[in-house]
Each structure stands twice: as structure tokens, then as C-alpha cells.
Amino acid sequence: MRMQYDVINVNADKHTILAQNLQTKELQTDHYDKLIMATGSITAIPAIPGVENLKVMLCKTCEQAQQLYEAAQHAHHIAIVGGGYSGVELAEGYVKSGHAVTLFQRGSHLINEYLDPQLSEKVEKLLTTNGIQVKTNAQVMAFSDTADSRLRVTTANGEETFDMAVICPGVIPQSELLAGQVNRTKQGAIVTDRYMGTSNPDIYAAGDVTEVNFNPTKDHAYMPLVSHAIRQGALAGINIFDKRLGSIGTQATTGMLIFDQTVACAGMT
């Protein structure tokens with residue numbers, strides 16, 4: 001177990017890993033017989049002018065969550081960009097901590113990757129009933145500072161000012177270390193078989209860096225969910241030296257508790 005190391009290169013032909021100790025900055029080369037890639041995903045930061053503004057923050061890692069908590073201590077009106085699971089749950093959390101919240105969703109419905117429009121509308125009503133302002137079909141075009149040091153959020157429909165903004169735009173697989181060394185999809189997800197093996201017999205992959213077998217369509221799909229990652233990690237460990245147990249696929253069953261209401265779904269929209 002080597003903490004605070006950054007792997008900067010994987011050579012699949014030589015079975016080597018080049019890593020940097022983040023404390024001493026020393027480079028170290030290690031050798032592997034078998035490799036499991038569980039590098040997860042990274043935030044898909046949208047190309048919005050002003051997105052680098054210090055009042056615009058991300059929501060994915062534990063460290064970022066701590067930063068969001070601390071920043072909110074000095075903010076009242078918060079903009080959330082992205083109406084997926086994380087955006088909706090973050091909006092609930094901020095309202096419960098006494099903040100004013102406006103949620104911007106580019107599409108016509110919240111959590112549209114997983115929920116039917118009818119259920120999405122019920123979630124939206126649940127949010128608005130609890131004081132969250134929800135703006136659908138509202139694509140954020142720019143962030144900028146105001147004269148009084150607040151944050152201006154510009155959409156195609158106009159401008160609003162906030163104390164801070166949080167971006168929850170979704171994720172993409174973090175697979176660049178194996179670019180050109182194993183088969184990947186156009187989106188960058190590592191292609192695996194049902195045993196989590198890649199096109200390289202000595203490399204396996206699990207979690208948000210891979211796709212899943214989506215049973216309703218009998219096809220592969222990119223669905224980064226923690227339940228998938230846990231199962232895939234277990235399968236990769238079981239099968240690393242002997243392909244014994246294959247994945248049974250998934251229906252992408254998900255659920256969340258929001259304002260004391262349970263929202264759950266499975267299968268296709």
C-alpha cells in the first residue's frame with residue numbers, strides 16, 4: 001500500500017509502472033505480473049468562460065466536498081450547475097443548512113440519464129416545494145465577477161448573481177495511462193470482458209474507468225455507479241489469475257433519499 005504516489009506512466013509491454021512520491025518528488029519504477037486498473041473517473045469540466053473563477057467549485061472528491069463545506073460558511077446564495085444525482089442531493093444539503101439555492105439544468109428534466117420525464121417532474125416538484133429554485137433548459141454560458149465581488153452566472157435567458165457556484169456536470173473515465181495499450185471506447189472507457197479482463201491478458205480493469213454489461217439492451221454502456229464499481233472490483237480480484245466468475249450484468253438499479261422521499265429506478269427509461 002503506497003499512499004501519496006502519482007502513477008505517471010504504465011508500460012504494458014515491459015510490465016512496469018513509473019510513479020512519483022508526492023512528498024519527496026522522487027521517481028520510482030515498479031514491476032507487475034498482473035495489473036488492475038481502478039483509476040475511476042474525473043470531472044468533465046465544461047468549457048465555460050470563467051469556469052476557473054475561484055468562486056466556481058467542483059463536487060466529486062472527498063477533498064472537494066470539504067472545500068465546499070468551508071466555502072459555504074461564507075456564502076448564502078449558491079448556484080448549482082448540473083441536475084444529476086450529485087447536483088440534486090447537493091441542492092438538498094445546502095437548503096437544509098440554511099442556504100438559498102438555484103439549480104441550473106441544461107436539459108429539460110432532472111436526472112434525465114436515469115429517470116423518465118414523469119418521475120423527473122416529481123423530483124423537480126419536490127425540490128421547488130422545499131424552496132429550491134430549479135431552472136431547466138438553462139445552459140450556463142459564462143461566469144464572471146461583479147463589482148461587489150459576487151459571482152455573475154450568465155445563461156441564454158439572462159444573468160443572476162450568487163455568492164458561489166458548484167459544478168456537477170458528470171464524469172469521464174480516467175484511462176489515459178493505458179491509451180494505445182488496451183482497447184478503449186470513443187469515450188475513453190476501457191473495454192473489458194465479463195471477467196473484467198482487457199485486451200491485454202495481464203491487465204484487468206474495474207469501476208468508473210470501464211463500461212458495464214447493460215442487460216436491458218444486451219450491450220455495453222458507460223454507467224459510473226458505486227454499486228457497479230464494487231462488484232467489478234471483486235470480480236477483477238477473483239479472476240486475475242484464473243477466469244472463474246463472470247459478470248451477470250446490470251439493470252443500473254439506483255436510488256436516493258431526498259426530502260424524506262425515496263426515488264428509485266431500474267432498467268431503461
Side-chain angles (χ1 to χ4, degrees), residues 1-20 22 28-46 58-62 64 84-86 113-114 168-254 267-268:
M1 178 73 74
R2 296 185 181 175
M3 307 300 289
Q4 296 192 23
Y5 274 79
D6 182 24
V7 175
I8 56 180
N9 180 263
V10 174
N11 189 318
D13 290 334
K14 296 182 179 179
H15 287 59
T16 59
I17 292 174
L18 178 64
Q20 184 179 39
L22 295 179
Q28 183 173 339
T29 300
D30 207 344
H31 177 274
Y32 69 85
D33 295 316
K34 299 284 186 176
L35 175 67
I36 298 178
M37 289 294 291
T39 44
S41 56
I42 56 176
T43 305
I45 302 175
L58 298 176
C59 176
K60 185 178 191 296
T61 67
C62 185
Q64 289 168 350
Y85 277 124
S86 58
E113 292 289 326
Y114 295 96
C168 305
V171 298
I172 54 177
Q174 188 167 237
S175 62
E176 287 303 311
L177 284 170
L178 290 181
Q181 302 189 85
V182 298
N183 292 339
R184 300 189 301 163
T185 67
K186 290 181 179 180
Q187 292 75 31
I190 297 174
V191 177
T192 65
D193 58 24
R194 59 194 298 260
Y195 303 98
M196 310 315 303
T198 71
S199 56
N200 184 304
D202 293 327
I203 299 178
Y204 285 62
D208 286 7
V209 76
T210 72
E211 292 186 315
V212 295
N213 295 314
F214 190 48
N215 291 334
T217 61
K218 297 183 179 179
D219 200 359
H220 289 85
Y222 186 63
M223 295 180 172
L225 295 171
V226 65
S227 54
H228 296 163
I230 292 170
R231 292 195 198 103
Q232 290 178 329
L235 286 171
I238 290 169
N239 295 315
I240 190 77
F241 293 111
D242 182 16
K243 292 186 176 182
R244 295 180 290 132
L245 183 64
S247 169
I248 61 172
T250 179
Q251 289 70 247
T253 304
T254 61
M268 297 177 69

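Since the structure is predicted, the reported quantities are computational estimates derived from the model, not experimental observations. Along the sequence shown, residues carry numbers from 1.
- In this structure, K60 contributes its side chain and S41 its backbone to a donor-acceptor pair below 3.5 Å.
- Checked by atom type and distance alone, the side chain of S199 pairs as donor or acceptor with a backbone atom of N183 at under 3.5 Å.
- Nearest heavy-atom pair across Y5 and Q28 is OH-OE1, 3.4 Å.
- Residues passing the side chain to side chain donor-acceptor pair (under 3.5 Å) test with D193, sequence neighbours excluded: K243.
- Between the side chains of T254 and Y85, at least one donor N or O sits under 3.5 Å from an acceptor N or O.
- No side-chain donor-acceptor contact under 3.5 Å links T192 to the backbone of A205.
- The structure places CG of N11 at 10.5 Å from CG of L178, a figure rounded to the nearest 0.5 Å.
- When side chains are defined from C-beta on, V182 does not count as touching V191, because their heavy atoms never get closer than 4.5 Å.
- Within the 3.5 Å criterion, the main-chain N or O of A252 finds a donor-acceptor partner in the side chain of T250.
- Between E211 and R184, none of the side-chain N atoms (NZ, or NE/NH1/NH2) sits under 4.0 Å from a carboxylate O, so this pair counts as no salt bridge.
- Between Q232 and S247, the side chains place no donor N or O within less than 3.5 Å of an acceptor N or O (distance only, hydrogens not considered).
- D208 contributes atom CG, which lies 8.0 Å from atom CG of L225 (distance to the nearest 0.5 angstrom).
- Side-chain contact between V7 and L18 is absent, with no heavy atoms from C-beta onward closer than 4.5 Å.
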**Report entry** Stepwise side-chain contact (heavy atoms from CB on, under 4.5 Å) check, V171 with I42
**Finding:** CA-CA 5 Å; V171 298; I42 56 176; over 6 Å; no
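- Put simply, CG on L35 and CD1 on I17 are 5.0 Å apart, with the number rounded to the nearest 0.5 Å.
- Taking 4.5 Å as the limit, every side-chain heavy atom of Q64 sits out of range of all side-chain heavy atoms of C59.
- The two residues G233 and A206 have their closest heavy-atom pair at N-CB, 3.6 Å.
- Under the 3.5 Å distance criterion, the side-chain polar atoms of T39 are matched with a main-chain donor or acceptor of Q174.
- D33 and H15 are not linked by any side-chain donor-acceptor pair at a separation below 3.5 angstrom, with hydrogens and angles left out of the test.
- What you find for P173 and G188 is that their closest heavy atoms are CG-C, 3.5 Å.
- Under the 4.5 Å side-chain criterion, counting only non-hydrogen atoms from C-beta, T16 is not in contact with D30.
- The side-chain heavy atoms of Y195 and I240, taken from C-beta on, include no pair separated by under 4.5 Å.
- Under the 3.5 Å distance criterion, the side-chain polar atoms of Y32 are left unmatched by any main-chain donor or acceptor of I203.
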Requested in this report: Quick one: do Q181 and N200 satisfy side-chain contact (heavy atoms from CB on, under 4.5 Å)? Show the steps, please.
Outcome: CA-CA 8 Å; Q181 302 189 85; N200 184 304; over 6 Å; no
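- When side chains are defined from C-beta on, N239 counts as touching L245, because their heavy atoms get closer than 4.5 Å.
- The CD1 atom of I190 sits 5.0 Å away from atom CE of M37, with the distance rounded to the nearest 0.5 Å.
- For Q251, the CD atom is densely surrounded, since the number of other residues' heavy atoms within 6.0 Å is greater than 12.
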Query raised in the report: Which is it for Y204 and I36 under the side-chain contact (heavy atoms from CB on, under 4.5 Å) test, yes or no, and what are the steps along the way?
Result: CA-CA 5 Å; Y204 285 62; I36 298 178; 4.2 Å; yes
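- Put simply, the side chain of R194 reaches to within 4.5 Å of the side chain of N213, judged on heavy atoms.
- For the atom pair E176 CD and N9 CG, the distance stands at 12.5 Å (nearest 0.5 Å).
- At least one side-chain heavy atom of F241 sits under 4.5 Å from a side-chain heavy atom of K34.
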